[in-house]
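See structure below.
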Amino acid sequence: MTISISQLHPVFAGEVSGADLTKPLSREDVAAIEAGMDKYAVLVFHDQKLTDDQQMAFTRNLGEIENATGNNITKPQERRLPVGMNDVSNLDQNNKPLARDDRRRMFNLGNQLWHSDSSFRAVPAKYSLLSARTVATRGGNTEFADMRAAYDALDDQTKAEIEDLICEHSLLYSRGLLGFTDLTEEERAMFKPVRQRFVRTHPVTKRKSLYLSSHIGTIVGQPMPEARALVRDLAEHATQPQFVYVHKWRQYDLVIWDNRQTMHRVRRFDETQPRDMRRTTVAGDAPTAEQAAA
Ligand code: OGA
Ligand code: MN
């Protein structure tokens with residue numbers, strides 16, 4: 001198999017051809033995909049009709065699968081997908097669209113806010129792999145923003161100001177932005193804030209990026225309103241069209257993104273119809289900041 005990649009957007013994102021992800025890959029192919037991820041930060045593969053097992057097997061080529069617990073309010077008995085898969089669909093365990101007032105649906109609406117996956121974990125995610133099994137009938141594009149290009153475009157004074165800042169991230173903050181505060185004590189404990197650097201350096205390319213996410217609620221050492229005003233200002237900067245690739249899904253697309261270098265969000269869609277999207281996540285290898293004492 002010979003993989004080739006063509007760039008989709010002026011600053012990032014690539015479309016891969018010559019890959020069949022349902023089959024085992026050679027070391028060369030895996031290396032080409034990893035090099036593509038380092039360079040493009042988002043890779044699009046079309047026509048990958050994957051089973052859950054094939055998706056998980058392909059994901060393991062890129063690293064360990066993140067333990068998909070502690071990131072949602074879905075109860076174990078409500079799970080639709082096997083352990084190792086994140087359900088980002090709008091469906092219940094019987095493959096029916098969730099009711100408008102279902103807590104799980106309201107919680108998942110948080111994916112419409114710009115974020116980086118698992119930035120609310122002490123060791124945040126490396127890659128996410130999203131497979132489109134059933135696409136939305138209307139809306140439901142996923143947008144990606146290049147946090148390296150956004151960082152590069154900052155003025156030197158801002159770069160110096162934020163270089164050593166540490167943010168606190170939690171699902172309580174992103175859901176709080178939507179007014180979803182109906183959480184049990186147990187859920188609140190599960191979503192305890194974690195600390196992350198505001199500026200990250202990619203381990204291979206050494207490029208710096210803004211580590212932004214709607215999960216950010218404050219910055220260590222700053223009054224909360226000041227922190228939130230700064231985060232909001234930089235998020236507006238970072239999500240201008242020149243940094244954003246809009247992905248319009250086709251059935252059986254697989255899109256991989258690097259959460260260390262990008263943010264993403266899904267746009268509104270017709271939720272009376274099924275949108276079946278299944279994610280596997282490659283775990284990160286280390287925290288980005290020292291955590292607060294318990
Ligand atoms: C995700 C996510 C967006 C989408 O899978 O992490 O945010 O398009 N999904 O469903
Ligand atoms: Mn996400």
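When reading the values below, keep in mind they use all heavy atoms of this one structure, side chains included, and skip hydrogens, waters and symmetry mates. We count ligands from 1, going down the list as the structure has it; atoms in each ligand are counted the same way. Remember, predicted model here, so these are calculated numbers, not experimental data.
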Which pairs of nitrogen or oxygen atoms, taken one from ligand 1 and one from the protein, are under 3.5 angstrom apart?
from     : atom 1 : to   : atom 2 : distance (Å)
ligand 1 : 6 (O)  : D117 : OD1    : 3.0
ligand 1 : 6 (O)  : D117 : OD2    : 3.0
ligand 1 : 6 (O)  : H264 : NE2    : 3.3
ligand 1 : 6 (O)  : R279 : NH1    : 2.6
ligand 1 : 7 (O)  : H115 : NE2    : 3.2
ligand 1 : 7 (O)  : H264 : NE2    : 3.1
ligand 1 : 8 (O)  : T142 : OG1    : 2.5
ligand 1 : 8 (O)  : R275 : NH2    : 2.8
ligand 1 : 10 (O) : R275 : NH1    : 2.8

Point to revise | Test of ring centre spacing under 6.0 Å for H264 and W114 | key: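 Ring-ring flag for H264/W114: false, centres at least 6.0 Å apart.
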Practice item. Assess the pair F243 and H237: is the distance between their ring centroids shorter than 6.0 Å? Key: yes
Exercise for review: Identify whether the distance between the nearest side-chain nitrogen and carboxylate oxygen of R197 and E290 falls below 4.0 Å.
Suggested key: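 Salt bridge flag = no for E290 with R197.
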**Study point:** Carboxylate-amine/guanidinium contact D152 R207, below 4.0 Å
**Key:** yes
Exercise for review: Kindly indicate, with the supporting measurements, whether the criterion side-chain contact (heavy atoms from CB on, under 4.5 Å) is fulfilled by H202 and R260.
Suggested key: CA-CA 7 Å; H202 190 279; R260 302 167 304 178; 3.3 Å; yes
Practice item. Scan for salt bridge (Lys or Arg N to Asp or Glu O under 4.0 Å) pairs involving residues 269-278, sequence neighbours excluded, and state none if there are none. Key: D52-R278, R80-D276, R105-E271, D276-R278
**Study point:** E163: partners by side chain to side chain donor-acceptor pair (under 3.5 Å), with sequence neighbours left out
**Key:**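 E163 satisfies side chain to side chain donor-acceptor pair (under 3.5 Å) with K208 once adjacent residues are dropped.
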**Study point:** H215 and F120 aromatic ring geometry - parallel, tilted or perpendicular at 30°/60° bounds
**Key:**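 Rings of F120 and H215: perpendicular, over 60°.
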Check your understanding: How are the rings of H247 and Y245 set to each other: parallel, tilted or perpendicular (split at 30° and 60°)?
Key ->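 Tilted: the ring planes of H247 and Y245 meet at 30° to 60°.
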Practice item. Could you pull out the N/O/S protein atoms under 2.8 Å of the Mn ion (ligand 2), ignoring any water? Key: H115 NE2, D117 OD1, H264 NE2
